[in-house]
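Structure first, commentary second.
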Amino acid sequence: MQEELLYFRSMQKSDIPFVQKIEQSVFSRPWSEEAFAQAMQQNTLFIVALKSNTIVGYCGMYCSFEEGEITNVAVMPAEHHQGIGRAMMKHLLGQARGIGITRIVLEVRVSNDNAVHLYSSLGFKNCGIRKNLYEMPREDGMIMVWEA
């Protein structure tokens, strides 16, 4: 059996309904389609990961001068534990470097061991905890920073 190729491209407006479905399946407080549309009109990098022309993941980042703030990273639940999140983040970091971003911040639930491990392995460092950052369920958020 031939392994399906994973590839990336910039998110397009027509991708929003598919991305929002993944968002709903992964997060307790998902962004709406309108929130994605509004974010894409700002200075952002949003990419989608595809297998066989099907969106299996996405991530996004607000950009401001040399800094970025990662807003969303999600992979379709049926595609978890296949390296898609890592590959997608590496692609996003490469794009960020290409536009001169030297510092990126993100927030992650303190209980999300898989995500914390992934981000740490990509060079993000824990720089503090925000108490009760998340709702549904209420939980602290870890602030992580990557610097080029």
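Linking Ile, Leu, Val, Met, Phe, Trp and Tyr residues whenever their side-chain heavy atoms come within less than 4.5 Å places M40 and I70 in a single cluster. In the hydrophobic cluster analysis, where Ile, Leu, Val, Met, Phe, Trp and Tyr join through side-chain heavy atoms closer than 4.5 angstrom, V105 is grouped apart from L118. Hydrophobic clustering, with ILVMFWY side chains joined whenever heavy atoms are under 4.5 angstrom apart, keeps V26 apart from L133. No chain of hydrophobic side-chain contacts below 4.5 Å, direct or via other Ile, Leu, Val, Met, Phe, Trp or Tyr residues, connects I143 to I129. In the hydrophobic cluster analysis, where Ile, Leu, Val, Met, Phe, Trp and Tyr join through side-chain heavy atoms closer than 4.5 angstrom, V145 is grouped apart from L45.
Considering all non-hydrogen atoms of both residues, A115 and V108 come closest at CB-CG2, 3.7 Å. Here the closest heavy-atom approach between residue A148 and residue W146 is recorded as CB-CH2, 3.8 Å. Taking each heavy atom of W31 and A39 in turn, the nearest pair found is CZ3-CB, 3.7 Å. Here the closest non-hydrogen pair linking L6 and A49 is CD1-CB, 4.0 Å. In terms of heavy-atom proximity, A74 sits nearest to I22 at CB-CG2, 4.0 Å.
Among residue pairs with one or both ends in residues 18-31, those qualifying as salt bridge (Lys or Arg N to Asp or Glu O under 4.0 Å) are R29-E135; sequence neighbours excluded. The ring-ring contact (aromatic ring centres under 6.0 Å, His included) analysis of residues 82-119, with sequence neighbours excluded, yields the pairs F8-H91, Y119-F124. Annotation: salt bridge (Lys or Arg N to Asp or Glu O under 4.0 Å) contacts involving residues 30-45, sequence neighbours excluded, are absent. Within the structure, every pair that satisfies the salt bridge (Lys or Arg N to Asp or Glu O under 4.0 Å) test and touches residues 102-127, not counting sequence neighbours, is listed here: E67-R103, R103-E147, E107-R130, R109-E139.
Remark: S52 OG to I55 CD1 distance equals 13.0 Å, nearest 0.5 Å. Once rounded to the nearest 0.5 Å, the distance linking CG of L92 with CZ of F46 reads 9.5 Å. Note that CG of N72 is 7.5 Å distant from CE of M11, once rounded to the nearest 0.5 Å. Note: L106 CG to L122 CG = 10.0 Å, rounded to the nearest 0.5 Å.
Partners of Y58 according to the ring-ring contact (aromatic ring centres under 6.0 Å, His included) rule, which considers only residues two or more places apart in sequence or in another chain, are F36.
Formation of a donor-acceptor pair under 3.5 Å by the N43 side chain with backbone atoms of C63 is found in this model. Listed for the N126 side chain is no donor-acceptor partner under 3.5 Å among the backbone atoms of M144.
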Sequence neighbours left out, cut at 3.5 Å: what donor-acceptor pairs do the side chains of residues 78-89 make with other protein atoms?
unit_1: E79; atom_1: OE1; unit_2: K51; atom_2: NZ; d: 2.9
unit_1: H80; atom_1: NE2; unit_2: V75; atom_2: O; d: 2.9
unit_1: Q82; atom_1: OE1; unit_2: K51; atom_2: NZ; d: 2.8
unit_1: R86; atom_1: NH1; unit_2: S121; atom_2: OG; d: 2.8
unit_1: R86; atom_1: NH2; unit_2: S121; atom_2: OG; d: 3.0

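A heavy-atom distance below 4.5 Å is not found between the side chains of V56 and F18. I101 has its side chain out of reach of E66: every pair of non-hydrogen atoms, C-beta onward, lies at least 4.5 Å apart.
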